[in-house]
Amino acid sequence: MGLMSTLKLFTLFVIFLCLSVQVEAQLQVDYYESTCGIAEDIVKDEVKKAFFRDRGLVAGVVRMHFHDCFVRGCDGSVLIDSTSSNTAEKDSPVNKPSLRGFEIIDNAKTRIEALCKGVVSCADILAFAARDSIEITGGFGYDVPAGRKDGRVSLASEVLANIPAPTFNLNQLTQSFANKGLTQEEMVTLSGAHTIGRAHCTSFRSRLYNFSSTASQDPTLDASYAAQLKQQCPQANNDPNLVVPMDPGSPSTTDVGYYSGIQANRGLFTSDQTLLSSPATANLVDQNVNNEDLWQEKFAAAMVKMGQVKVLTGNAGEIRLKCRVPN
């Protein structure tokens, strides 16, 4: 065999390897159809039970999926418990006490393991549960590509630099999402997840009291809404567990009420209200209010894309037997 033929074969072999890796790294809809076909039904059932027990829990699951994907990718690392030698992501001040709904994932995993041992990853269970949480609160359902493997590392020290802060301005928000391969439009779309759930007073207290040397409260915040928030979050009360609804008009419904609130200068976080600070993003806010079905479709598509951020596949991770502990 001549040198050119050998080089051609080698080149074809390299291309084949690259294609194999690419195929392996792609997630698939109905990934567990032949290995654990009931998995998604079990997750949906656990989400439904949690919703009827406490409607706010499902908003916690959506947020948990987001916080999982933005730190080390969607690898279930947010589910891992701290140990005596390591503080895990869930115990970062960014996540504790705001994240909740871990028991939904635990319960689904226990039931799935009893039927399909070592098959379904915790990262996929969380992605399924986030989809089901959106759907049960009135959002559009969507197919979740699966095949994620679970990560083995969870470090609280990595959270702060990766999760967008409630104090972020538009440029900071846009950059934070761009770091994960998400566009500014997808950032505006995904911000709509704040249509459900609650926020701790500590997340926005700086907008209400001693805002600046020239204003006691944030002038971009509607005055009557600010007065209401001050009653719910008194200046003298530093209880870290005080919470208010993110979207007071419909706190348990996935709808465009969040964007209507922003139009009325009632965005709770600085990072919410900042969506009006540029013509491009303000236009997207208006579009979402005027066409809820379109936003719902964009939101579902953006959730699918976010759910594929830096996923582990093949031998890069594992299938945890218990979501709180690496194998």
Side-chain angles (χ1 to χ4, degrees), residues 17-18 20-44 46-47 61 63-92 95 99 101-132 143-159 162-163 180-181 303-327:
L17 278 181
C18 291
S20 298
V21 170
Q22 187 179 31
V23 169
E24 182 181 72
Q26 287 176 345
L27 305 181
Q28 298 174 6
V29 173
D30 295 327
Y31 180 80
Y32 297 109
E33 188 172 27
S34 62
T35 55
C36 192
I38 199 170
E40 291 191 51
D41 292 332
I42 289 174
V43 176
K44 191 180 292 287
E46 288 299 328
V47 168
V61 170
R63 186 174 185 199
M64 193 191 306
H65 181 44
F66 171 79
H67 282 221
D68 184 40
C69 291
F70 266 55
V71 182
R72 289 188 165 262
C74 310
D75 67 345
S77 55
V78 74
L79 303 170
I80 294 175
D81 281 346
S82 296
T83 64
S84 58
S85 59
N86 178 64
T87 305
E89 290 172 29
K90 63 167 59 170
D91 288 321
S92 160
N95 288 332
L99 288 191
F102 292 101
E103 66 274 21
I104 299 172
I105 310 304
D106 290 337
N107 292 343
K109 179 65 169 174
T110 298
R111 288 175 60 187
I112 289 170
E113 283 298 307
L115 297 171
C116 325
K117 190 172 180 62
V119 172
V120 182
S121 71
C122 299
D124 278 343
I125 291 172
L126 180 52
F128 295 147
R131 181 267 315 275
D132 298 334
D143 291 330
V144 175
R148 299 166 188 80
K149 293 294 175 67
D150 295 321
R152 301 178 178 91
V153 177
S154 182
L155 302 170
S157 58
E158 295 181 342
V159 176
N162 284 286
I163 300 296
K180 309 303 175 187
M303 286 293 290
V304 170
K305 184 176 175 181
M306 185 192 76
Q308 301 185 60
V309 170
K310 294 183 180 178
V311 295
L312 302 176
T313 58
N315 296 321
E318 64 183 15
I319 304 293
R320 262 181 247 145
L321 298 179
K322 292 185 178 180
C323 292
R324 293 174 180 265
V325 187
N327 294 345

Exercise for the section: Determine yes or no for a side-chain-to-main-chain donor-acceptor pair under 3.5 angstrom, with Asn162 supplying the side chain and Arg72 the backbone. Expected result: no

Problem - Spatial distance of atom CG (Asp68) from atom CG (Leu99) [nearest 0.5 Å] - result: 10.0 Å

Problem - Heavy-atom donor-acceptor pair, Arg148 side chain to Gly307 backbone, under 3.5 Å - result: yes

Problem - Polar side-chain atom of Asn95 near backbone of Glu89 as donor-acceptor pair, under 3.5 Å - result: yes

Handout entry: Residue pair Gln308 / Leu27: nearest heavy atoms and the distance that separates them
Key = CG-CD1, 3.8 Å

Handout entry: Donor-acceptor contact below 3.5 Å, side chain Glu113 vs main chain Gly118
Key = yes

Problem - Pairing of Arg131 and Glu40 as salt bridge, 4.0 angstrom limit - result: yes

Exercise for the section: Considering non-hydrogen atoms only, spot the tightest contact between Cys74 and His65 and give its length. Expected result: SG-CE1, 4.5 Å

Exercise for the section: Using modelled atom types only, decide if a donor and an acceptor are shared between the side chain of Lys180 and the backbone of Phe70 within a distance under 3.5 Å. Expected result: yes

Exercise for the section: For Glu103, look at atom CD and say whether over 12 heavy atoms of other residues, nucleotides or ligands are found less than 6.0 Å away. Expected result: yes

Exercise for the section: Compare every heavy atom of Ser121 with every heavy atom of Ile319, then report the nearest pair and how far apart it is. Expected result: CD1-CB, 3.7 Å

Exercise for the section: Give the minimum heavy-atom separation between Cys122 and Leu79, together with the two atoms involved. Expected result: CB-CD1, 3.7 Å

Practice task
Using a cut-off of 6.0 Å, state whether more than 12 heavy atoms not belonging to Lys322 lie near its atom NZ.
Solution key: no

Completion exercise
In this structure, CD1 of Ile42 is separated from CD1 of Ile112 (nearest 0.5 Å) by 5.0 Å

Exercise for the section: State, with a plain yes or no, whether a side-chain heavy atom of Phe102 is found less than 4.5 Å away from one of Ile105. Expected result: no

Exercise for the section: Kindly give the heavy-atom pair with the smallest separation between Ser82 and Asp91, and that separation in Å. Expected result: OG-OD2, 2.5 Å

Completion exercise
Between the CG atom in Leu312 and the OG atom in Ser77, the distance rounded to the nearest 0.5 Å is 8.5 Å

Exercise for the section: Would you give the length of the straight line joining atom CZ of Arg111 to atom CG of Asp41, rounded to the nearest 0.5 angstrom? Expected result: 9.5 Å

Exercise for the section: Starting from the C-alpha separation in whole Å, work towards a yes-or-no answer on side chain to side chain contact (heavy atoms under 4.5 Å, CB included) for Asp81 and Lys90. Expected result: CA-CA 7 Å; Asp81 281 346; Lys90 63 167 59 170; 2.6 Å; yes

Fill in the blank from the handout: Rounded to the nearest 0.5 angstrom, the CD1-CD1 distance for Ile125 and Ile104 is 12.5 Å

Problem - Lys109 side, atom NZ; Arg324 side, atom CZ - distance, nearest 0.5 Å - result: 13.5 Å

Problem - Nearest heavy-atom neighbours spanning Asp143 and Pro145 - result: O-CD, 3.4 Å

Problem - Sidechain-backbone polar pair: Asn327 side chain, Leu321 backbone, donor-acceptor under 3.5 Å - result: yes

